[in-house]
Peer 1: 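Below is one structure. I have some questions about it.
Each chain gets a letter, A, B and so on, in the order its sequence line appears, and its residues count up from 1.
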2 protein chains.
Amino acid sequence: MKDNKVIHELITNGHLKYIPHISVDCVILGYHANQLNVLLNKWKDVEVWSLPGGYVERNESVDTAAHRVLWERTGVDKLFLQQFYTFGDPDRINMNRRLNRLPVLFQEGGKELHNWMAERFISIGYYALVEYSKVSPRPDHLSVESRWWDIHDLPALIFDHDRIISHALHAVRLQLKYQPVGLSLLPEKFTLPELQKLYETILSRKLDRRNFQKKMLSLGILRRLPERKTIGPHRSPFLYSFDKRKYNQALKEGYGFA
Amino acid sequence: MKDNKVIHELITNGHLKYIPHISVDCVILGYHANQLNVLLNKWKDVEVWSLPGGYVERNESVDTAAHRVLWERTGVDKLFLQQFYTFGDPDRINMNRRLNRLPVLFQEGGKELHNWMAERFISIGYYALVEYSKVSPRPDHLSVESRWWDIHDLPALIFDHDRIISHALHAVRLQLKYQPVGLSLLPEKFTLPELQKLYETILSRKLDRRNFQKKMLSLGILRRLPERKTIGPHRSPFLYSFDKRKYNQALKEGYGFA
DNA sequence: GCAAAAGTGTTGGCGGTACACCCATGT
DNA sequence: ACATGGGTGTACCGCCAACACTTTTGC
């Protein structure tokens, strides 16, 4: 198939285009049905999933590489993408014992194929917060499937990718405390209760409705719209949108949020 | 000289021992005379200073590499060493314009010498807090001098090392807010005013003496010793030492410090 | 009218900041 | 005695958490 040709080219000549031993892994978080989901790819021939990742081109910024991966896997760009940690253990590739066999990708006729992609990799971790509905997951050439997984119910993951996800979640929760979150996770217009659900999901704990509203409004990054949303047999909540100027300012300067 | 032989070996065969395109840079901070100092090396033949750094061995953890660099440059080990960011801009090597000429190290008879060390590097930044007095700076093979510099009065730095230092300081100040600092920066026994000076130096702002003491003691990581320190014509302050068990616990769990 | 959810206001406690007083020490 | 810095206590203020009441909407 065409894919196999691409893979062969990547394996044999990839080291000319990309920096060896360096990879970028993206923890792409989407929010849907009051769940935080993470985008994962299923590898060919192995019952194992992995974070969308990629390599850094010889003359490409690492940040750019991360954006490129995000774009290639989700079709969205210009997103909040945050580097959070670099994973440099030489054994990280063997961390999940049951998966210490490398995928068929690295074998040929049962024999292991030595190539640059089977070597040790130091991986730079990024996380992104994306609007679930705007994303159409696309598997890469090495994968047969790409889909969302509830972060509380993950499948078997390759290498140390479970640890990378844990780290990313920790970083996101930390961010929540000091910077606004939601611009890229919610639709253009949303209600305060919806925003609160998002916060509760990320923090995985309940928040007080009244205190949340007070606090959130006092930050001055929201604009109340003249419209309301109809939500069935209940009072209609106001719709809000982010004041993007102030939102980005708060992103830069930070604040305190309990 | 002997040094030149080592360098030649490094340039010609280093890529066999080390992962190419990857380096580790350490922002080693020492505290002395109410100043925060950073350890810098002066390069051979160029009026330019750089952070102590090194490469990652083919089968070495990145963390281990950072510890090794720290050990080789300062003679101290088992230190609090914290990864804080990875710098991956392909142009970082040219960032300081006046220094865009590479050191003589990469030239031979006026002609540029092409080798793995002159290529692009992605650098993983670590910071360490060390006790000034315990450190005997040792230049590496590429440097002629190694010494402390006041962070407010730095010399011309190579590449993007000024930016790396800024990032590190930011990370240290952030750490100060959530984790204890001082165990590796102060002698075994110290007074509360001394600890306060340290905090003021890192944050570069004055703190209220009484509030500082209340807050610090309430954290429960200090043990008041029966002795006092004689400081001339003034009341003798108590000596304290860190309760290492609780200190490390606070390191892990964190707290809030305004 | 009833149930469920949204909008708004009040209170109390904790922690942080600001500030005042007394104590110890060497000259 | 006096100057200088250290130890301790108090008052105020703001923020956050806990909590109650009213309003809206569809059935």
Peer 1: Nearest whole angstrom, please: distance from the C1' of C:dG7 to the CG of A:D208.
Peer 2: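 Going from CG in A:D208 over to C1' in C:dG7 covers 13 Å.
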Peer 1: Rounded to the nearest Å, what distance is computed from the CZ atom of residue A:R209 to the C1' atom of nucleotide C:dA4?
Peer 2: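 To the nearest whole Å, that distance equals 11 Å.
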Peer 1: Hey, is A:K244 close enough to A:E188 for a salt bridge, meaning N to O under 4.0 Å?
Peer 2: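 Salt bridge flag = yes for A:E188 with A:K244.
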Peer 1: Can you check the B:M216 CE to C:dT17 P distance for me, whole Å?
Peer 2: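 The distance from CE of B:M216 to P of C:dT17 comes to 13 Å, rounded to the nearest Å.
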Peer 1: Provide, to the nearest angstrom, the distance between the NZ atom belonging to A:K229 and the P atom belonging to C:dG7.
Peer 2: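 Rounded to whole Å, this separation is 12 Å.
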Peer 1: Using heavy-atom distances to pick each residue's nearest nucleotide on DNA chain C, tell me which of B:G232 and A:Y240 is more 5'.
Peer 2: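 Whichever sits nearer the 5' end wins; that is A:Y240.
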Peer 1: Between C:dT25, D:dG5, C:dG7, which one does the side chain of B:S236 approach most closely?
Peer 2: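 For the B:S236 side chain, the nearest candidate turns out to be C:dT25.
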Peer 1: Within the 4.0 Å heavy-atom criterion, would you say B:T230 contacts the bases, only the backbone, or no part of the nucleic acid?
Peer 2: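 Counting heavy atoms under 4.0 Å across all strands, the contact made by B:T230 is with sugar-phosphate only.
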Peer 1: Go through D:dG6, C:dG9, C:dG7 for me and flag the one nearest to the A:R210 side chain.
Peer 2: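 Of the options given, the side chain of A:R210 lies nearest C:dG9.
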Peer 1: Decide yes or no, distance alone: a donor-acceptor N/O pair under 3.5 angstrom between the base of D:dT4 and the side-chain of B:H234.
Peer 2: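 Per atom types, the contact qualifies.
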Peer 1: Return the value, rounded to whole Å, for the distance between atom CD1 of B:I231 and atom P of C:dG26.
Peer 2: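 In whole Å, C:dG26 P and B:I231 CD1 are 10 Å from each other.
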Peer 1: Ignoring hydrogens and geometry, is there a side-chain-to-backbone donor-acceptor pair from A:R228 to A:S236 under 3.5 Å?
Peer 2: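 A pair under 3.5 Å: yes.
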Peer 1: Return the nearest nucleotide to the side chain of A:N211; candidates are C:dG16, D:dA17, D:dA20.
Peer 2: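 In terms of side-chain proximity for A:N211, the closest of C:dG16, D:dA17, D:dA20 is D:dA17.
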Peer 1: Verify ring-ring contact (aromatic ring centres under 6.0 Å, His included) between A:Y132 and A:Y31, making sure each step is shown before the conclusion.
Peer 2: CA-CA 6 Å; A:Y132 183 90; A:Y31 177 66; 9.1 Å; no
Peer 1: Measure from the side chain of A:R235, starting at C-beta and using heavy atoms only, and say which of C:dG7, C:dC21, D:dC19 lies closest.
Peer 2: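 The nucleotide sitting nearest to the side chain is C:dG7.
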Peer 1: A:R224 near the nucleic acid: base, sugar-phosphate alone, or nothing, with a heavy-atom cut-off under 4.0 Å?
Peer 2: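 Sugar-phosphate only.
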Peer 1: Atom CG of B:L203 and atom P of C:dT17: how far apart are they, to the nearest Å?
Peer 2: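 Distance, rounded to whole Å: 11 Å.
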Peer 1: Just how far, in rounded Å, is P of C:dA24 from CG of B:L239?
Peer 2: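 Those two atoms, CG and P, are 17 Å apart.
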Peer 1: With the side chain of A:K215 defined as its heavy atoms from C-beta on, choose the nearest nucleotide among D:dC16, D:dG6, C:dG7.
Peer 2: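 Nearest to the side chain of A:K215 among the choices is D:dC16.
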Peer 1: Any side-chain donor-acceptor pair under 3.5 Å between A:N41 and A:S146?
Peer 2: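 Side-chain D/A pair, A:N41 to A:S146: present.
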Peer 1: What is the distance, to the nearest angstrom, from the NZ atom on B:K206 to the C1' atom on D:dG5?
Peer 2: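 After rounding, the reported distance stands at 12 Å.
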Peer 1: Which listed nucleotide (C:dT25, C:dG7, D:dA20) is nearest to the side chain of B:P233?
Peer 2: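 It is C:dT25.
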Peer 1: Out of C:dG9, D:dG7, C:dA4, which has the shortest distance to the side chain of A:K214?
Peer 2: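 For the A:K214 side chain, the nearest candidate turns out to be C:dG9.
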Peer 1: Nearest to the side chain of A:Q213 - C:dG26, D:dG26, C:dT8?
Peer 2: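 Comparing C:dG26, D:dG26, C:dT8 against the side chain of A:Q213, the answer is C:dT8.
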Peer 1: Do the side chains of A:L129 and A:L79 get nearer than 4.5 Å, heavy atoms only?
Peer 2: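 Not touching, per the 4.5 Å side-chain cut-off.
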